[in-house]
Amino acid sequence: MQAPKLEQLNLKGQNAEILSTLDDHLIISVNDRFGRVIYVNDNFCDLLGTSQNLILGEENEILKSHLHTNEVYKNLWKTLKEGDVWKGILFHRISESRHYWLQTTVYPIKDRKDSATKYLSVYNDITDYYQKHSIDKTVALGEKVEFKSLENVVLSVNNRAKIIRAQSASLNKDYDELVGSYIYDFIDKTYHEAIKSKIAEVFNEKTPNDFQFESCQNNYSKELYLSEVQPVVDKYGEVSYAKITTELKTKDVKILRELKDIQTKYKNILKSYNLGIVVVTDSNGIIKEWNKGAEVAFGYKEDEVVGKCFTMLISKSQIETGVKELLRLKNNVSDVTERNTLEMSALKKNGTEFPIEFAVNGWFCGKEHCFSVFMIDVTKRKNLEDRLRQKTKDLELFLYRSAHDLKAPLTTAEGLLALIKDEKIDSSTSELIKLLSTSLQKGKLLFDNLAFASSISQKKRDVSAINFEKEIQKTIETLSDVDGFKDIRFEINITQVKRFYSNKELLNSVFRNLIQNAINYRKPLSANYKPLIKIDIQQHQNTVAIVISDNGLGIKEENRDKVFDLYYRVSSEGVQGTGLGLYIVKCIVEDLGGTIRLDSNAANGTTFKITIPNLSKK
């Protein structure tokens, strides 16, 4: 931001007292009515040790905020809002080693309507004088509220940590001077992020929490405070505000025996826990601690990993994706309310890789943001899964070959029946042959479906572009010889905006089974009823939504959970089938990574809703 010149701030024409103070040896700044800095001179920049670009547009820290609870600053802003000039001495700390005493005069700059639009501040550095006379900062500032006095105060805060009520511990006295300020006004900035996280967790999780912080009294002594945060829930079950009570734990954290005992217990528990792997890191992923389980799993001694980056435990082949996933988990647990799990290949000291599953949890230890990584070696589980997958493949292969082998005798029997039909036979024998032929057809259909069901997992690997309109028309044509097809009216609505990749054979099987199911379970044609099958296919960004509905017999509520079971049929009366159709549909949809849902009732028929992802072309 380019700093304006003093004459551009419309200060000319103000009272002579302002202009007489503008001297080269003074420190000058101008704020707008919101407290933002709009002008500073070189002396002001030299005081803060920074440039104009970093000051302009920011809040003037020397003047603090109108929300500050300190009596001096409250009086300052009250005086300015009344349109009067304020004079006094302000203390400004830049760092532990740099602080200033400033004789300060603040002038409200008014517009024609006599309203203050700017504030001109003139400072005179009198630090040397104050240090020579050993003037106490607290006395000079007129501070009446120090944080230690809040030990006996109960604060009610909103979700932004703004104080909405302050009462004594006995609840018989209110401290109105604290209302409107923030809990952060009383605590060092280094603890603000931790406290913000803790308060957010109380409001989000509706559970109590606490935070601790230190207050330096001098260079050698510290005071340790512990604040407990209790949620106050309204009649709707929402946290309307939180109550904070603060307790002084010790005058010197270095010699607090209780904390040392707690630390010892924590370390003993962490070190002795060898059923799982526990690694503690800081916010940069640097390992701070780990347990016996981690030592056994990775083969490193503690002194070999402490101070090193957590990525040393990740397989080299997964280092790039692993770091991305770790950063994602770190960002997700920043609010402390969300936990995530991840699978990854870990790397032992000897170079051996092994699979792990882990969760990351974040918390604040005082002002430091830490992360604990809880890991489990899943080598045995992975081996079991691999064996299970192999057994499944073997079973599918056995089923596929058995279905084909069993189908061969039925085909031979069909041929023999065809020869018998050519012979002279009586009517009763002809009827028996017809029944036998029907049974053979059902048997062949059953074996075909079994063979198809056993090969679904293999078929899904063959991916090609799908033209839904073309495939639906092809499926309807193949069903044209099904009994009752001519009575059906079709309504087809397809929206395909780009290429969709999946297995064509498997999708055709889904369409064929669902449409044939709708045809088989239609109601009888009448003057008031015409069988209708609706097919709606809508392609989205990465998925396709398929809805196939009918106005047929529907499915009773007690049967809806069974229709996808192997060999289950609602009714066999007058309907050809094997009870495998909907089972095959469900297997296909799930193998393609999709979902299927059924809505049905006797009055409105049945609707199948399917969502399938768009697979990348192999």
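Below, each value reflects all heavy atoms present in this structure, side chains not excepted, and no hydrogens, waters or symmetry copies.
- Residues Phe500 and Thr543 come closest through the heavy atom pair CE1-C, 4.1 Å.
- The stretch residues 304-313 participates, sequence neighbours left out, in these salt bridge (charged side-chain N to carboxylate O under 4.0 Å, His left out) pairs: Glu304-Lys349.
- Here Lys292 pairs with Glu295 in a salt bridge; the nearest charged N to carboxylate O distance falls below 4.0 Å.
- Remark: Thr595 pairs with Thr611 by the side-chain contact (heavy atoms from CB on, under 4.5 Å) rule, at least two apart or across chains.
- Note: Thr117 OG1 to Lys110 NZ = 11.0 Å, rounded to the nearest 0.5 Å.
- Between Ile62 and Leu47 there is a side-chain heavy-atom pair separated by less than 4.5 Å.
- The closest side-chain heavy-atom distance from Leu63 to Trp86 is not below 4.5 Å.
- Remark: Asp46 CG is packed, more than 12 non-hydrogen atoms of other residues, nucleotides or ligands lying under 6.0 Å away.
- Considering all non-hydrogen atoms of both residues, Pro355 and Asp377 come closest at O-OD1, 3.4 Å.
- Atom-to-atom distance recorded for Glu58:CD and Asn31:CG is 11.5 Å, nearest 0.5 angstrom.
- The six-membered or imidazole ring of Phe44 lies away from that of Tyr39, with a centre-to-centre distance of 6.0 Å or more.
- Residues Thr246 and Val153 have side chains not in contact (no heavy-atom distance under 4.5 Å, counting atoms from C-beta outward).
- Using cut-offs of 30° and 60° for the angle between ring planes, the Tyr119 and Trp77 rings count as perpendicular.
- Between the side chain of Asn614 and the main chain of Arg499, a donor-acceptor pair closer than 3.5 Å is present.
- Pairing each heavy atom of Ser51 with each of Cys45, the nearest pair is C-SG, 4.2 Å.
- In this structure, CZ in Phe354 is found 6.0 Å from CD1 in Ile356, a value given to the nearest 0.5 Å.
- Under the 4.5 Å side-chain criterion, counting only non-hydrogen atoms from C-beta, Glu228 is not in contact with Lys243.
- Applying the side-chain contact (heavy atoms from CB on, under 4.5 Å) test to Glu61 and every residue at least two apart in sequence or in another chain returns His92, Lys189.
- With sequence neighbours excluded, no residue forms a salt bridge (Lys or Arg N to Asp or Glu O under 4.0 Å) with Arg33.
- For the pair Lys316 (side chain) and Leu347 (backbone), a donor-acceptor distance under 3.5 Å is absent.
- Looking only at side-chain heavy atoms (C-beta outward), Gln212 and Glu247 stay at 4.5 Å or farther from each other.
- Residues Phe310 and Phe371 have side chains not in contact (no heavy-atom distance under 4.5 Å, counting atoms from C-beta outward).
- Without hydrogens or angle criteria, Asn41 side chain to Leu26 main chain gives a donor-acceptor distance under 3.5 Å.
- No more than 12 heavy-atom neighbours from other residues, nucleotides or ligands sit within 6.0 angstrom of NZ on Lys301.
- For Ser168, the side-chain contact (heavy atoms from CB on, under 4.5 Å) partners are Ser170, Asn172, Lys173, Tyr175, not counting sequence neighbours.
- Applying the side-chain contact (heavy atoms from CB on, under 4.5 Å) rule to Thr50 yields the partners Leu48, Leu54, Ile55; only residues at least two apart in sequence or on another chain are considered.
- If you check the side chains of Asn350 and Thr352, you find a donor sitting under 3.5 Å from an acceptor.
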